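Order of the sequence lines fixes the chain letters, A, B, ..., with proteins taken first and strands second; residue numbering starts at 1 for each chain. Quick caveat: nothing in here was measured; it's all calculated off a predicted structure.
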Amino acid sequence: HDMEKKRDVLPYEIDGTVFKVNATAQRNVLGIRSRSPRWAIAGKFKAQQVTSVVVDIIPSVGRTGAITPVAKLDPVNVGGVVVTNATLHNQDEINRKDIRIGDHVLIQRAGDVIPEIVKVIVSKRPKSTSRYQLPIECPSCEHEVFRPEGEAVARCQNLSCPAQMKGRIEHFASKAAMDMDGFGGKLVDQLVEENLIRTVDDLFKLTFNDLIELDRIAEKSAQNILSATQDAKQTTFARFIYALGIRNVGFHLSKVLQQEFSS
DNA sequence: TTGTCGGGTCCAACTGTATT
DNA sequence: AATACAGTTGGACCCGACAA
């Protein structure tokens, strides 16, 4: 609260204050969690809130088949950035907040970063709206969507679903996994669309001639991509396990597994 | 030569689930 | 009840490479 009073007087922008344990000896005792130290915590100021309109709700399919609804918003400036999307997480969350297409909504950037729909402004709800329901078919492959009893996340169960194949390949090549430079969304899209890749092992069968045919890929890019696949062969057990993308086997568990197997 | 595109990286939240 | 982790999400900015 003290800092919040000083906020306007400071010669620089702040979004809060970090409180830290001062003594390094105590820091060492406290240690760190997987993503942050236990000896420091951020206190953030209240986020700025603005209103916008939900133009549409688009379900997306992740690498595990999870169907995640995303709200498309009328672009609005929130604290210096233009927000156009906000995740709605799952059906339960949509039901809780009763978010409908066409609704006016209150938006903030949680932690001053991630766009979030705080609530619907019900008084501004247009007539003839209806509650939103996630589709019963996968938006990528039209396969049936399955939501297990008692679980929040609905999933596409088709392993050949293009959206899932793309997701698995991007994950496999990502920095924390096999660390193959150059495999971004657009490239992987093309590779799957052109049937050059279906599973991750196909990455290692790519040839210069395959790549040079693709949009925005010339000699230099093709070479870089090929050497990225070669470099990736020198890796660790943990990275490889993580790269396989087994459900509930994340970055940390993979490291633990490596230690277990090596001892 | 230059504008544009895409990849990489950083910032960091929330929900769900399992474990302690 | 608290805590940790997995998995998913959004935007800005920088830079290398492509294409006109």
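- Across the protein-nucleic acid pair, Glu116(A) atom CD and dT9(C) atom C1' stand 12 Å apart, rounded to whole Å.
- Residue whose closest nucleotide on DNA chain C sits further toward the 5' end, between Asn85(A) and Arg155(A): Arg155(A).
- The one candidate from Lys97(A), His89(A), Gln91(A) that meets the side-chain hydrogen bond (donor to acceptor under 3.5 Å, both in side chains) condition with Glu93(A) is Lys97(A).
- The phosphate of dA13(B) (OP1 or OP2) has no side-chain N or O of Thr87(A) nearer than 4.0 angstrom.
- One interatomic measurement links the two molecules: CD of Glu219(A) to C1' of dG16(C), which rounds to 16 Å at whole-angstrom precision.
- Considering only the side chain of Ser60(A), dT9(C) comes nearest among dT9(C), dC18(C), dT8(C).
- Summarising the geometry, the separation between CD1 on Ile169(A) and P on dG7(B) is reported as 14 Å, rounded to the nearest angstrom.
- Across all strands shown, Arg63(A) has heavy atoms under 4.0 Å from sugar-phosphate atoms exclusively, and none from any base.
- In terms of modelled atom types and a separation under 3.5 Å, the side chain of Asp103(A) and the main chain of Arg100(A) share a donor-acceptor contact.
- In this entry the distance linking CD1 of Ile67(A) with P of dT15(B) reads 20 Å, nearest Å.
- For dC18(C), one of the phosphate oxygens OP1 or OP2 lies less than 4.0 angstrom from a side-chain nitrogen or oxygen of Ser221(A).
- The side chain of Ala152(A) sits closest to dG16(B) out of dT15(B), dA19(C), dG16(B).
- Closest to the side chain of Thr64(A), from the set dC14(B), dT8(C), dT15(B), is dT8(C).
- Side chain of Lys220(A), nearest nucleotide from dT8(C), dC18(C), dG11(C): dC18(C).
- Of the residues near DNA chain B, Ile114(A) and Val153(A), the one whose nearest nucleotide (by heavy atom distance) lies more toward the 5' end is Ile114(A).
- Comparing atom distances between the Asp92(A) side chain and each of dC18(C), dG11(C), dG16(B) picks out dG16(B) as nearest.
- The line from CZ of Arg125(A) to CG of Asp98(A) is 4.5 Å long, rounded to the nearest 0.5 Å.
- With hydrogens and angles ignored, the 3.5 Å screen pairs a side-chain donor or acceptor of Gln164(A) with a backbone N or O of Cys156(A).
- Contact check for Val145(A) versus Ile136(A): no side-chain heavy atoms found under the 4.5 Å cut-off.
- Taking atom NZ on Lys186(A) and atom P on dT4(B), their separation rounds to 16 Å, with Å as the unit.
- Whole-Å rounding puts the Leu88(A) CG to dG10(C) P distance at 10 Å.
- Val82(A) comes within 4.0 angstrom of the backbone, heavy atoms only, and of no base.
- The CZ atom of Arg168(A) sits 14 Å away from the P atom of dG7(C) (whole-angstrom rounding).
- Look at Asn224(A) and you won't find any side-chain N or O under 4.0 angstrom from OP1 or OP2 of dG16(C).
- Annotation: of the two residues near DNA chain C, His89(A) and Arg109(A), the 5′-most nearest-nucleotide partner is His89(A).
- Listed for the Ser52(A) side chain is a donor-acceptor partner under 3.5 Å among the backbone atoms of Asp74(A).
- What separates OH of Tyr242(A) from C1' of dA6(C) is a distance of 9 Å, to the nearest Å.
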